[in-house]
Engineer: 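What follows is a single structure, and I will ask about it in a moment.
Since the structure is predicted, the reported quantities are computational estimates derived from the model, not experimental observations. Values below: all heavy atoms of this structure, side chains included; hydrogens, waters and symmetry mates excluded.
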Amino acid sequence: MSSSEEKGPLPVTPEKEVPPPQFTHGGDAINQHRDQEDFWTRNGLNLKSFQRRGDGASIDSLDRTMKTRHLHMIAIGGSIGAGFFVGSGKALATGGPATLLIDFSIIGIMMFNTVYALGELAVMFPVSGGFYTYSTRFIDPSWGFAMGWNYVMQWSIVLPLELTVCGITIQYWTKDVNVAVWITVFMFAIIFVNVFGTLGYAEEEFWSSVLKLGATVVFMIIAVVLVCGGGPEGSAYDEYSGGKLWQDPGAFANGFRGFCSVFVTAAFSFSGTELVGLAAAEARNPVKSLPGAIKQVFWRITLFYILGLTFIGLLVRHDDDRLLGGDNPYINVDASPFVLVGLDANLYGYDSFMNVIILVSVLSIGVSSVYGGSRTLTALSQQGYAPKIFSYIDRSGRPLISVLFVCAFGPLAYVNLSTSGVVVFDWLLALSGLAALFTWGSICLAHIRFRKAWARQGHTLDEIPFKAAGGVYGSYLGLLLVILVLIAQLFVAICPVGGGFNDVEGFFKSYLALPVVIVFWIGGFIWKRTGWLRTDQIDVDTGRRELPWDEINEYRERLAQMPAWKRVLHTVFV
């Protein structure tokens, strides 16, 4: 009989705010090992710290210094980057303000359900190094192999792209210095942050997220004033405008092709949201901090993406030529609608302020790429899906060889300096373009199959300490929306926004990730000789976290005594 069914009478005080239970965790031994090292070694600041950890270190021996505040900020602001601040401009030009709002809202619903499904699985089965292991455990080991390598490849390719964008962003202020100099500077900055391991990543993400969220709040306050006509005299916003841009030049652009194209752009803008699940395994107490962090995703989707882009659609014309970014093949910060609003409002210095935010955002994603790629590669290695050399974990808890492997892709940014660099980068982007969608779809499918196996083996939902807000139906919805985005991208790959039909090269530049994933899947099958798992083959017990059910049951009893509105508040937001 499960201890979850042992629910005795408990004292109830519904008038008092009830904090969630302080769940215990299994990272004490790891943290004790870390505390035995001297300051310089445990923080990766001397040569001794680079030595292999001598305790037969596994992926679960990664440094566990991440705190609740780190996880919360990674969840609410970690993936807000160039896709939001700059890519939203091209999306506005492609589909118009109504399409921008509708598509980002739909993808927000998809991500809400996906991240909640990830949270439920991560609380039940703590996995350091990669949620791709849920695909291995609940779907198909060969598919898990494909998802792991797909995720490593995604972040390895994102790193040189972000370095290139950093160099281009600096050119907003000066074009006298060669881009290669800035690429080098920012590459060393990313390496420097990763010297400090998990704590370096966590602190960088915390402060960069604070800055990004603060800048977005400032923008929304300014936007309200400008929409109401409070801009400086002689500016584009010195009289009330309201929703007139939805009438002229209109709410939509480029018809169904524009809608599908923005649908895909919106999905890419949420890339990195799943990192909160990866980071949770390196937190001091993930079962305590992860549920609260997962709930912060709602605020990011609602307040920052949806509300922020609503103001963009009210302030910037979708037929403004500046949104297209000129001749730059990657990203042009001059095309950011957040920058254009400041310029048109005659807010001197605001454009430079927003470009600093964009630079911080891009650098943050570069640091995340090394973190996400290296942890996943180490987990692949220790589960026999990658060469053993990548299982090396040093005395400060860093997956050293894996970090070096991902960093080795950074110099690819220099190909941008040659005349053929654009062609090379186009194909690199094609390789990583759809990678995140496969990851999200796999998380939803893994959750669906976990719930099915859980019920088949006689367990109840009461035995799950943190449940996805939408349950298994939310995961079905998330999976359906992922499939719709893939179909939309297929349509855009065949019928681009400009009209007509794509050639073969254009098609594969838009859809190359699918055949690459299929090749990985076939490779995984040849390596592991395993296929789709039947429900009765799925193991839902091994590695399941031990939980303090007395505390959990007490919390549930108190929650049940609260008014309905307060229960919703605690369940979804607290």
Engineer: Run the numbers on Ser442 and Tyr134 for side chain to side chain contact (heavy atoms under 4.5 Å, CB included), then give the verdict.
Structural biologist: CA-CA 8 Å; Ser442 295; Tyr134 299 132; over 6 Å; no

Engineer: Mark yes or no for whether Ser381, through its side chain, and Ser391, through its backbone, hold a donor-acceptor pair below 3.5 Å.
Structural biologist: yes

Engineer: Counting distance only, does the side-chain N/O of Thr169 pair as donor-acceptor with the main-chain N or O of Val165 below 3.5 Å?
Structural biologist: yes

Engineer: Going through the distances and angles, do Asn150 and Val516 end up as a side chain to side chain contact (heavy atoms under 4.5 Å, CB included)?
Structural biologist: CA-CA 8 Å; Asn150 179 62; Val516 168; 5.5 Å; no

Engineer: To the closest 0.5 Å, what do you measure between CZ (Arg449) and CG (Leu533)?
Structural biologist: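 Arg449 CZ to Leu533 CG: 6.5 Å, rounded to 0.5 Å.
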
Engineer: Please verify the inter-ring angle class for Tyr385 with Tyr132; under 30° counts as parallel, over 60° as perpendicular, anything in between as tilted.
Structural biologist: tilted

Engineer: Looking only at atom types and distance, does a side-chain atom of Asn194 sit under 3.5 Å from a main-chain N or O of Ile190, one as donor and one as acceptor?
Structural biologist: yes

Engineer: Kindly assign one of parallel, tilted or perpendicular to the pair Phe311 and Phe219, based on the angle between their ring planes and the thresholds 30° and 60°.
Structural biologist: perpendicular

Engineer: With sequence neighbours left out, write down each residue that passes side-chain hydrogen bond (donor to acceptor under 3.5 Å, both in side chains) with Asp319, or none if nothing qualifies.
Structural biologist: Arg317

Engineer: Using side chain to side chain contact (heavy atoms under 4.5 Å, CB included), reason through Glu274 and Thr114 one step at a time and then give a plain yes or no.
Structural biologist: CA-CA 8 Å; Glu274 73 287 341; Thr114 300; over 6 Å; no

Engineer: Is any side-chain heavy atom of Val517 less than 4.5 Å from a side-chain heavy atom of Trp143?
Structural biologist: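 Yes - at least one pair of side-chain heavy atoms lies under 4.5 Å apart.
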
Engineer: Would you say the ring centers of Phe112 and Tyr116 fall short of 6.0 Å from each other?
Structural biologist: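 Ring centroids of Phe112 and Tyr116 are less than 6.0 Å from each other.
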
Engineer: Run the ring-centre check on Tyr371 versus Tyr201 and record whether the distance is less than 6.0 Å.
Structural biologist: yes

Engineer: Determine, step by step, whether Thr378 and Ser402 satisfy the side chain to side chain donor-acceptor pair (under 3.5 Å) criterion, reporting the C-alpha distance in whole Å, the side-chain angles of both residues, the deciding distance to 0.1 Å, and the verdict.
Structural biologist: CA-CA 6 Å; Thr378 301; Ser402 296; 2.8 Å; yes

Engineer: Between Ser369 (side chain) and Gly366 (backbone), is there a donor-acceptor pair under 3.5 Å?
Structural biologist: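 Present.
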
Engineer: Side chains of Tyr414 and Thr184 only: does a donor on one sit below 3.5 Å from an acceptor on the other?
Structural biologist: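 Yes, because at least one side-chain N or O of Tyr414 sits under 3.5 Å from a partner of the opposite role on Thr184.
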
Engineer: Judged by atom type as modelled, is there a donor-acceptor pair below 3.5 Å linking the side chain of Asp320 to the main-chain atoms of Val316?
Structural biologist: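 Looks like no, no N/O pair under 3.5 Å.
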
Engineer: Which heavy atom of Phe304 sits nearest a heavy atom of Phe84, and at what distance?
Structural biologist: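 Taking Phe304 first and Phe84 second, the nearest heavy atoms are O-CZ, 3.3 Å.
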
Engineer: Compare all side-chain heavy atoms of Trp149 with those of Thr376 and state whether any distance is below 4.5 angstrom.
Structural biologist: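 With C-beta onward as the side chain, the pair stays apart.
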
Engineer: Aromatic rings Phe259 and Phe263: how do their planes relate, parallel, tilted or perpendicular, breaks at 30° and 60°?
Structural biologist: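 It falls in the parallel class, under 30°.
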
Engineer: Whether the side chain of Asp503 engages the backbone of Gly506 through a donor-acceptor N/O pair (distance < 3.5 Å, no angle test) should be reported.
Structural biologist: yes

Engineer: Pairs in or reaching into residues 99-120: which pass salt bridge (Lys or Arg N to Asp or Glu O under 4.0 Å), with residues at least two apart or in two chains?
Structural biologist: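 Counting only pairs at least two positions apart or across chains, the salt bridge (Lys or Arg N to Asp or Glu O under 4.0 Å) contacts touching residues 99-120 are Glu120-Arg451.
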
Engineer: Given side chains that start at C-beta, do those of Trp440 and Phe270 come closer than 4.5 Å, heavy atoms only?
Structural biologist: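 Side chain of Trp440 against side chain of Phe270, heavy atoms only: contact under 4.5 Å found.
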
Engineer: Could you tell me whether Asp344 and Arg322 make a salt bridge, using a distance below 4.0 angstrom between a side-chain N and a carboxylate O?
Structural biologist: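 Salt bridge present between Asp344 and Arg322.
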
Engineer: Would Phe338 and Tyr350 count as a close aromatic pair, with their ring centres under 6.0 Å?
Structural biologist: no

Engineer: Is the closest side-chain heavy-atom distance between Phe507 and Leu490 below 4.5 Å?
Structural biologist: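 SC-SC contact between Phe507 and Leu490 confirmed.
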
Engineer: Calculate, to the nearest 0.5 Å, the distance between atoms CE and CG belonging to Met153 and Leu377 respectively.
Structural biologist: 13.5 Å

Engineer: To the nearest 0.5 Å, what is the distance between CG on Leu479 and OG on Ser475?
Structural biologist: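 Reported to 0.5 Å precision, the distance equals 8.5 Å.
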
Engineer: Using the benzene-type ring in the case of Trp, are the ring centres of Phe125 and Phe450 under 6.0 Å apart?
Structural biologist: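 Yes, ring centres under 6.0 Å apart.
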
Engineer: Once you round to the nearest 0.5 Å, how far does OG1 of Thr133 lie from CE of Met147?
Structural biologist: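 CE of Met147 is found 13.0 Å from OG1 of Thr133.
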
Engineer: With no hydrogens and no angle check, just 3.5 Å: does a side-chain donor-acceptor pair link Asp351 and Tyr172?
Structural biologist: yes

Engineer: Taking atom types as modelled and ignoring hydrogens, do the side chains of Ser364 and Glu205 form a donor-acceptor contact shorter than 3.5 angstrom?
Structural biologist: yes

Engineer: Can you tell me how far CD1 of Ile170 sits from CH2 of Trp173, rounded to the nearest 0.5 angstrom?
Structural biologist: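 Between Trp173 CH2 and Ile170 CD1, I get 5.5 Å after rounding to 0.5 Å.
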
Engineer: Under the 3.5 angstrom rule, does the side chain of Gln247 hit a backbone N or O of Lys244 as a donor-acceptor pair?
Structural biologist: no

Engineer: Determine the interplanar angle of the Trp182 and Phe186 rings, folded into 0 to 90°, and report it as parallel if under 30°, tilted if 30 to 60°, perpendicular if over 60°.
Structural biologist: tilted

Engineer: Is the backbone of Phe85 close enough, under 3.5 Å, to the side chain of Ser336 for a donor and an acceptor to pair up by distance?
Structural biologist: yes

Engineer: Measuring from Trp155:CH2 to Ile157:CD1, what's the distance to the nearest 0.5 Å?
Structural biologist: 12.0 Å

Engineer: Taking CZ in Phe491 as the centre, count heavy atoms belonging to other residues, nucleotides or ligands within less than 6.0 Å. Is the count above 12?
Structural biologist: yes

Engineer: Strictly by modelled atom types, are Asp140 and Trp521 linked by a side-chain donor-acceptor pair under 3.5 Å?
Structural biologist: yes

Engineer: Should the heavy atoms of other residues, nucleotides or ligands under 6.0 Å from CZ of Phe508 be counted, would the total exceed 12?
Structural biologist: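 Open.
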
Engineer: Please tell me whether Phe145 and Trp527 form a close aromatic pair, meaning their ring centres lie under 6.0 Å apart.
Structural biologist: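 Under 6.0 Å, so yes.
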
Engineer: Using the rule side chain to side chain contact (heavy atoms under 4.5 Å, CB included), only one of Val485, Leu481, Ile102 pairs with Ile107; which is it?
Structural biologist: Val485

Engineer: As a quick check of understanding, evaluate side chain to side chain contact (heavy atoms under 4.5 Å, CB included) for Arg375 and Val403, giving each step before the final call.
Structural biologist: CA-CA 8 Å; Arg375 269 59 182 180; Val403 168; 4.1 Å; yes

